[in-house]
Amino acid sequence: MKLVLVGHACWLLETADVRILFDPLLFDPNQADCYEVHPSRSVNIDALRDVQVVVVSHRHSDHFDLRSLAALSREAQVLCPQDTLLADTLRRLGFRSVRALGDWQPVRFGRTSLLATPSDNKVPELGFVVSDSVNAVWNQVDTQVSARTAQRVNAIHGRLDVVISPWQPLMELKFQLNEETGFPHRDYFDLLARARSSNARMLVPGACGFRYTSGGDWMNRQAFPVARDRFMDDLAAAWPHAPVQLEGMAPGDEIVFEGEEPVIRRQGSPIASSSSDDEDQRVAYCPVDPFASLYRNIRERDARACGIEDVIEDLDRFVRANWEDKSSALQRLRGWKVLYQLIVCFDDFNCFVHWDLGRTGERVDGNDTRATMTSIVSGRVLRLLFEGRCGWEEAYHSGECRSFQTVAAVSEREYAFPRPGDVEDLLRLRYPYFDCFEKVIDQEIAQWGAD
């Protein structure tokens with residue numbers, strides 16, 4: 001058995017008996033040119049035209065892409081949920097063999113079996129367990145997997161070799177519909193809990209490998225609140241003793257099996273390939289600056305090149321001086337294991353610095369998409385705060401300082417997050433509100449004089 005990630009939720013699974021293509025999404029951009037696969041990729045479509053089986057998990061357009069389906073052989077057997085719209089549309093496209101599956105319905109291809117697994121979501125959708133005589137893979141796609149479903153799959157197959165699991169608590173329409181745009185802790189907890197129910201040798205975060213393009217690219221800062229690396233870190237914290245390998249994959253990566261052990265070959269497939277460049281910044285969560293008026297995602301420079309090394313050194317001294325001080329408010333950030341990131345913005349570049357306050361407290365230059373607390377500030381305002389020439393009213397009301405946090409304490413026994421006001425960002429700790437306020441008053445008295 002072998003699996004190839006073609007991109008997003010599109011996987012090619014091959015056994016000795018059959019080639020199965022899940023949720024074909026072969027072209028970029030896609031979905032009315034509003035989306036493209038992330039990270040950027042290329043696809044050898046000719047190598048997929050003769051697959052024998054096509055699986056469509058549900059009707060959402062990132063899984064049911066008509067242009068991609070039309071590129072495939074009409075001789076392929078197509079499997080889908082019991083959804084009349086899906087089945088009728090597939091037949092209208094010219095597919096001669098369309099089979100709608102019910103929950104727990106099996107299909108066999110020689111020694112290879114496919115089992116449709118149910119979802120607690122409202123739309124008709126399915127996950128799929130594929131097994132041959134040696135290996136078993138559960139592609140959960142977007143399904144909401146109940147504990148009962150996971151128990152039944154484990155009872156049928158025992159320990160699975162690979163589980164492809166949902167991981168991103170998507171917030172696609174929250175901003176557009178004026179709904180709650182804060183970090184979705186409940187949804188994220190549910191995803192971690194469902195992933196923990198998997199009994200597998202390897203777990204791969206699956207689907208949610210897309211980004212918005214064209215005029216909608218501002219939504220990339222709203223829709224994806226969790227970086228994939230953070231999900232894997234949090235899952236490892238919630239599941240510390242599990243004998244499971246957590247692996248992220250990119251288009252063109254493939255999973256092969258050495259006996260029962262799954263092994264990832266990076267960029268090993270001729271079916272697809274992806275850029276080696278780090279593109280995660282393009283989908284980095286930034287709910288306080290969706291239209292990039294301050295943080296513009298442009299060139300990165302270090303603190304010295306930006307002329308703010310003295311300010312960053314001042315912040316670093318503050319962290320080191322208060323690291324062991326039990327009375328310092330910094331201890332709250334330590335207790336919540338905050339990964340704090342400072343983004344300093346200039347017209348033509350940004351400076352990234354972060355401190356892992358839950359572990360070493362050491363300063364690290366550069367971007368980290370796993371950050372759980374972020375301050376975004378213009379170089380101008382940061383300099384004024386450092387020099388005592390600016391209060392927090394000016395900082396915030398000028399629009400040149402913003403912050404947000406996604407802090408959560410994840411462990412085997414709990415998922416907790418701070419109440420509003422429980423934690424304060426590093427800039428506010430280093431330059432306290434009333435200290436700055438008093439300095440500004442002193443300066444204004446000196447400037448305007450007393451009566």
Side-chain angles (χ1 to χ4, degrees), residues 2-15 17-101 105 107 109 112 114 116 123-128 130 139 141-143 164 172 206-216 250-254 269-274:
K2 179 170 70 174
L3 292 99
V4 177
L5 177 56
V6 182
H8 183 42
C10 181
W11 293 82
L12 176 68
L13 187 150
E14 298 178 306
T15 72
D17 306 294
V18 66
R19 301 176 82 215
I20 304 173
L21 187 64
F22 291 90
D23 290 343
L25 189 66
L26 308 179
F27 301 95
D28 296 298
N30 50 68
Q31 302 175 75
D33 293 347
C34 294
Y35 301 77
E36 59 190 6
V37 166
H38 175 86
S40 302
R41 61 161 185 178
S42 60
V43 180
N44 181 0
I45 297 173
D46 288 338
L48 296 170
R49 295 189 192 278
D50 62 349
V51 295
Q52 295 107 316
V53 178
V54 176
V55 173
V56 178
S57 64
H58 61 292
R59 64 164 66 179
H60 290 164
S61 58
D62 53 326
H63 300 260
F64 181 43
D65 182 66
L66 299 191
R67 181 185 179 193
S68 298
L69 288 163
L72 304 175
S73 169
R74 301 308 193 273
E75 300 301 318
Q77 180 178 357
V78 185
L79 307 177
C80 67
Q82 293 178 342
D83 182 332
T84 302
L85 182 145
L86 273 178
D88 288 351
T89 303
L90 289 163
R91 293 187 181 100
R92 289 174 61 192
L93 275 175
F95 288 100
R96 298 173 179 83
S97 177
V98 177
R99 185 173 178 183
L101 302 180
Q105 187 170 346
V107 182
F109 309 97
T112 300
L114 179 147
V123 299
E125 67 175 352
L126 295 170
F128 303 90
V130 181
N139 183 6
V141 200
D142 286 354
T143 58
I164 303 169
E172 289 182 276
C208 206
F210 69 92
R211 62 180 177 240
Y212 298 92
T213 186
S214 187
D253 292 347
E254 61 182 14
S269 174
I271 301 294
S273 62
S274 55

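In this text the structure is predicted, and so the values were computed from the model without any measurement. Side-chain atoms are counted along with the backbone in the values below, which use heavy atoms only and exclude waters and symmetry mates.
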Heavy atoms of Pro81 and Pro124 approach each other most closely as CG-O, 3.8 Å
Shortest non-hydrogen pair, Ala272 vs Leu5, comes out as CB-O, 4.2 Å
TODO: With side chain to side chain contact (heavy atoms under 4.5 Å, CB included) as the test, would you mind laying out the steps for Cys10 and Leu26 before giving the verdict?
DONE: CA-CA 8 Å; Cys10 181; Leu26 308 179; 4.1 Å; yes
message: Between Arg211 (side chain only) and Glu36 (backbone N and O only), is there a donor and an acceptor less than 3.5 Å apart?
response: no
* To do: Could you tell me how the ring of His58 sits relative to the ring of His63: parallel (under 30°), tilted (30 to 60°) or perpendicular (over 60°)?
  => tilted
Residues Asn30 and Asp65: closest non-hydrogen pair is CB-OD1, 4.4 Å
Quick check: do Phe210 and Val37 have side-chain heavy atoms less than 4.5 Å from each other? no
Is there side-chain contact between Val43 and Leu48, with heavy atoms separated by less than 4.5 Å? yes
To the nearest 0.5 Å, atom CD of Gln82 lies from atom CG of Leu126 at 8.0 Å
* **Beyond-backbone contact of Thr15 with Phe109, side-chain heavy atoms, under 4.5 angstrom** => no
Taken to the nearest 0.5 Å, the spacing of Asp28 CG from Tyr35 OH works out to 13.5 Å
Is there a side-chain contact between Val55 and Leu114 in this structure, where contact means two heavy atoms from C-beta onward sitting under 4.5 Å apart? yes
Does the side chain of Phe64 reach to within under 4.5 Å of the side chain of Leu85, using non-hydrogen atoms? yes
Original post:
Any side-chain heavy atom of Glu75 within less than 4.5 Å of one from Arg96?
Top reply: yes
Between Val51 and Ala76 the two heavy atoms that sit nearest each other are O-CB, 3.4 Å
CZ (Arg59) and OG1 (Thr84) are apart, to the nearest 0.5 Å, by 8.5 Å
Next on the checklist: Could you check whether any side-chain heavy atom of Asp23 comes within less than 4.5 Å of a side-chain heavy atom of Asn139, counting everything from C-beta outward?
Outcome noted: no
Heavy-atom nearest pair, Leu25 first then Asp62, reads CD2-O, 3.9 Å
Between Leu79 and Gln77, the two heavy atoms sitting closest are CD2-NE2, 3.6 Å
Does some side-chain heavy atom of Asp33 sit less than 4.5 Å from a side-chain heavy atom of Ser214?
-> no
So CZ of Phe27 and OG of Ser68: to nearest 0.5 Å the spacing works out to 5.5 Å
Taken to the nearest 0.5 Å, the spacing of Leu72 CG from Gln52 CD works out to 12.0 Å
With distance as the sole test, does Arg74 use its side chain to make a donor-acceptor pair with the main-chain N or O of Leu93 at under 3.5 Å?
yes
query = For the side chain of His8 and the backbone of Gly209, is there at least one donor-acceptor N/O pair under 3.5 Å apart?
reply = yes
Rounded to the nearest 0.5 angstrom, the CG-CG distance for Asp50 and Leu21 is 10.5 Å
Residues 71-92 vs ring pair (Phe, Tyr, Trp, His ring centres under 6.0 Å), sequence neighbours excluded, gives none
